[in-house]
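This report refers to the structure that appears directly beneath it.
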Amino acid sequence: MPILLFLIDTSASMNQRTDLGTSYLDIAKGAVELFLKLRARDPASRGDRYMLVTYDEPPYCIKAGWKENHATFMSELKNLQASGLTTLGQALRSSFDLLNLNRLISGIDNYGQGRNPFFLEPSILITITDGNKLTSTAGVQEELHLPLNSPLPGSELTKEPFRWDQRLFALVLRLPGLASMEPEQVGSVPTDESAITQMCEVTGGRSYCVRTQRMLNQCLESLVQKIQSGVVINFEKTGPDPLPVGEDGLMDSARPSNSFAAQPWHSCHKLIYVRPNSKTGVPVGHWPIPESFWPDQNLPSLPPRTSHPVVRFSCVDCEPMVIDKLPFDKYELEPSPLTQYILERKSPHTCWQVFVTSSGKYNELGYPFGYLKASTTLTCVNLFVMPYNYPVLLPLLDDLFKVHKLKANLKWRQAFDSYLKTLPPYYLLPLKKALRMMGAPNLISDNLDCGLSYSVISYLKKLSQQVVLVKINKQKSFALRSAFPYSLV
């Protein structure tokens with residue numbers, strides 16, 4: 001169920017008129033209505049949830065949140081007025097806090113227990129603004145700053161205010177007040193040069209510099225296509241570049257590889273698509289992406305995580321590994337310089353292993369948890385997520401079933417126990433489930449330890465209870481605002 005949050009600039013400068021006589025705020029309202037019509041063409045839009053936030057002071061900035069229906073959304077949109085300051089930082093913080101309100105209750109972020117791409121709440125934030133100077137009661141601001149302190153319990157568990165399934169897009173209105181005599185340029189819409197652009201790119205989104213109504217319509221068509229179920233990951237190369245590939249698809253050691261020169265494909269900040277299950281309509285998966293620390297029962301608190309995991313890939317060609325009945329997860333990568341580079345190598349039968357630094361107990365880089373591989377048709381690149389340290393586990397399981405016929409000897413048991421010591425504790429439960437599916441339910445004890453200290457577990461439970469109280473208070477304040485819209489209460 002995608003969440004579409006519209007953040008509308010209601011600062012006084014949105015009253016400025018275009019050459020057509022309409023105000024920027026009128027254009028913003030019309031853009032939202034057109035977006036909804038374009039989105040309605042897709043049958044999947046029936047599950048969409050719409051939210052409306054403005055630049056007003058919190059909590060009055062939230063015009064339609066989790067409880068309000070579509071009729072309320074449209075009524076609030078129609079009644080928007082432009083009269084305030086350009087408090088973009090505060091408005092963005094309020095928007096992200098609104099989106100994150102339910103996450104601690106649902107446990108979707110799974111703090112300290114690995115990141116599950118299939119636990120997601122895909123959200124698109126679309127802000128429509130005139131890109132004017134940022135202002136607050138303290139004066140004009142040159143840079144965009146989001147308030148560091150959030151009223152939302154547990155916000156300190158993630159370094160950034162957004163999450164990996166939330167992307168920000170900005171429509172920056174630059175329509176002229178006088179009709180232009182120059183012919184309109186046709187082509188892609190450039191990014192804007194205002195403070196919002198960097199924030200968009202950090203989340204995996206982008207800004208659009210809108211100079212005409214036609215460009216605005218083009219942007220809205222583009223944004224509708226951006227509604228994808230997925231999470232953003234930072235892919236970073238580790239180790240040397242691979243040997244270049246010749247025209248025949250074979251390694252060419254005679255050609256220079258530019259191992260030390262930075263290339264665009266060395267670091268990519270892109271989406272992996274998380275497709276819903278065709279039968280249930282919701283994503284299904286088995287394995288997490290590991291945390292960037294080793295869980296320890298002596299840790300009094302969890303280290304804050306980055307919203308986007310840093311997944312390092314090694315360019316050493318490896319054999320893709322799978323065995324019968326062992327589940328794996330497969331995610332297509334959004335097109336990028338990295339996917340282009342891998343596809344141009346035309347090596348669909350080899351793969352590059354992926355790691356999360358500090359995820360292992362005995363190894364700084366960590367052990368591989370999956371691999372990147374081009375599809376056999378060379379049309380896309382997929383991330384395969386496997387059990388942690390799968391190059392050790394898969395041969396062991398192959399021997400268990402094919403050689404030992406499920407009757408493990410002492411030597412095999414010792415090797416399996418050694419493997420388990422390299423495994424972050426939060427992998428034990430999914431591994432036990434996978435082994436049960438394969439017909440070996442008793443290899444791992446039922447007394448599973450998640451690896452978190454009692455104080456951390458208690459704190460996470462306490463946070464979810466605090467969030468429930470925050471939700472109740474927000475609902476009360478919204479009801480009060482609706483009953484007395486002009487009250488100072």
Side-chain angles (χ1 to χ4, degrees), residues 1-8 29-53 62-78 94-110 115-128 162-169 171 203-206 219-233 270-286 307 329-334 464 467-468 471 474-475 478:
M1 180 187 288
I3 299 171
L4 300 163
L5 187 152
F6 293 93
L7 174 57
I8 308 298
K29 292 177 182 181
V32 175
E33 291 174 356
L34 179 55
F35 180 94
L36 299 185
K37 289 176 183 175
L38 294 172
R39 174 61 179 160
R41 295 173 184 169
D42 187 343
S45 65
R46 286 196 293 265
D48 292 352
R49 178 186 290 278
Y50 293 101
M51 297 184 180
L52 183 64
V53 180
I62 299 170
K63 306 300 182 184
W66 287 99
K67 290 290 183 182
E68 287 68 53
N69 58 25
H70 189 66
T72 303
F73 174 94
M74 295 305 296
S75 173
E76 292 286 346
L77 176 68
K78 181 181 177 182
S94 297
S95 299
F96 287 125
D97 284 350
L98 175 63
L99 289 174
N100 296 334
L101 194 56
N102 285 329
R103 295 179 82 95
L104 273 170
I105 301 172
S106 65
I108 194 173
D109 289 313
N110 210 36
R115 304 175 189 241
N116 294 311
F118 45 91
F119 287 169
L120 79 166
E121 210 168 54
S123 305
I124 299 282
L125 285 80
I126 301 171
T127 184
I128 308 178
F162 52 87
R163 304 293 178 263
W164 66 341
D165 51 4
Q166 300 167 355
R167 290 177 296 152
L168 172 66
F169 295 88
L171 297 172
T203 67
R206 61 157 294 185
C219 294
L220 294 172
E221 292 271 10
S222 171
L223 283 173
V224 168
Q225 303 304 315
K226 302 286 186 188
I227 304 174
Q228 300 278 358
S229 178
V231 294
V232 177
I233 290 178
K270 287 291 182 177
L271 207 65
I272 60 169
Y273 300 122
V274 182
R275 312 289 190 197
N277 181 281
S278 57
K279 293 180 181 177
T280 63
V282 295
V284 176
H286 302 88
S307 52
D329 302 326
K330 179 180 171 183
Y331 305 103
E332 182 186 338
L333 273 66
E334 182 182 14
S464 65
V467 170
V468 172
K471 279 189 71 176
K474 279 184 178 291
Q475 287 163 16
F478 187 86

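This structure is a prediction, so every number in the text was calculated from the model and none was measured.
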Side chains of [X] and [Y]: does their closest heavy-atom pair fall under 4.5 Å?
{"X": "Leu36", "Y": "Met74", "answer": "yes"}
{"X": "Leu99", "Y": "Glu121", "answer": "no"}
{"X": "Gln166", "Y": "Asn100", "answer": "yes"}
{"X": "Val274", "Y": "Asp165", "answer": "no"}
{"X": "Leu333", "Y": "Lys270", "answer": "no"}
{"X": "Leu223", "Y": "Phe35", "answer": "yes"}
{"X": "Pro283", "Y": "Leu120", "answer": "yes"}
{"X": "Glu68", "Y": "Leu52", "answer": "no"}

Looking only at heavy atoms, what is the nearest atom pair of [X] and [Y], with distance?
{"X": "Pro122", "Y": "Gln228", "value": "CB-O, 4.0 Å"}
{"X": "Ile126", "Y": "Ile124", "value": "CG1-CG2, 3.7 Å"}
{"X": "Arg163", "Y": "Ser307", "value": "CA-CB, 4.1 Å"}
{"X": "Ala40", "Y": "Ser45", "value": "CA-OG, 3.6 Å"}
{"X": "Met51", "Y": "Gly65", "value": "CG-O, 4.0 Å"}
{"X": "Phe118", "Y": "Tyr331", "value": "CD2-OH, 3.5 Å"}

Measure from the side-chain N and O atoms of [X] to the backbone N and O of [Y], and report whether any donor-acceptor pair falls under 3.5 Å.
{"X": "Asn116", "Y": "Phe119", "value": "no"}
{"X": "Thr127", "Y": "Leu125", "value": "no"}
{"X": "Arg39", "Y": "Asp48", "value": "no"}
{"X": "Gln225", "Y": "Ser222", "value": "no"}

Qualifying residues under side chain to side chain contact (heavy atoms under 4.5 Å, CB included), relative to Glu221, sequence neighbours excluded: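 Only Leu38, Arg41 meet the side chain to side chain contact (heavy atoms under 4.5 Å, CB included) criterion with Glu221.
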Intermediate values then yes/no, side-chain contact (heavy atoms from CB on, under 4.5 Å), Ile108 and Asn102: CA-CA 9 Å; Ile108 194 173; Asn102 285 329; over 6 Å; no
Parallel, tilted or perpendicular: ring planes of Tyr50 versus Phe6, cut at 30 and 60 degrees: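 Tyr50 vs Phe6 ring planes: parallel.
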Trace of the salt bridge (charged side-chain N to carboxylate O under 4.0 Å, His left out) decision for Glu332 with Arg275: CA-CA 9 Å; Glu332 182 186 338; Arg275 312 289 190 197; 3.2 Å; yes
If I take atom [atom1] from residue [X] and atom [atom2] from residue [Y], how far apart are they, to the nearest 0.5 angstrom?
{"X": "Leu77", "Y": "Ile8", "atom1": "CG", "atom2": "CD1", "result": "6.5 Å"}
{"X": "Cys219", "Y": "Arg206", "atom1": "SG", "atom2": "CZ", "result": "7.0 Å"}
{"X": "Leu220", "Y": "Lys37", "atom1": "CG", "atom2": "NZ", "result": "12.0 Å"}
{"X": "Leu168", "Y": "Ser123", "atom1": "CG", "atom2": "OG", "result": "11.5 Å"}

Qualifying residues under side-chain hydrogen bond (donor to acceptor under 3.5 Å, both in side chains), relative to Ser464, sequence neighbours excluded: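 Checked Ser464 against side-chain hydrogen bond (donor to acceptor under 3.5 Å, both in side chains); zero matches.
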Set of residues satisfying side-chain hydrogen bond (donor to acceptor under 3.5 Å, both in side chains) with respect to Glu334, sequence neighbours excluded: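 Counting only residues at least two positions away or on another chain, Glu334 forms no side-chain hydrogen bond (donor to acceptor under 3.5 Å, both in side chains).
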Test log, rule side-chain contact (heavy atoms from CB on, under 4.5 Å), inputs Ile272 and Val231: CA-CA 6 Å; Ile272 60 169; Val231 294; 3.5 Å; yes
Ser94 versus Asp97, side-chain donor and acceptor atoms under 3.5 Å: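 No, because no side-chain N or O of Asp97 sits under 3.5 Å from a partner of the opposite role on Ser94.
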Verdict with supporting geometry, Trp66 and Leu98, side-chain contact (heavy atoms from CB on, under 4.5 Å): CA-CA 8 Å; Trp66 287 99; Leu98 175 63; 3.7 Å; yes
Stepwise side-chain contact (heavy atoms from CB on, under 4.5 Å) check, Phe73 with Val32: CA-CA 11 Å; Phe73 174 94; Val32 175; 4.0 Å; yes
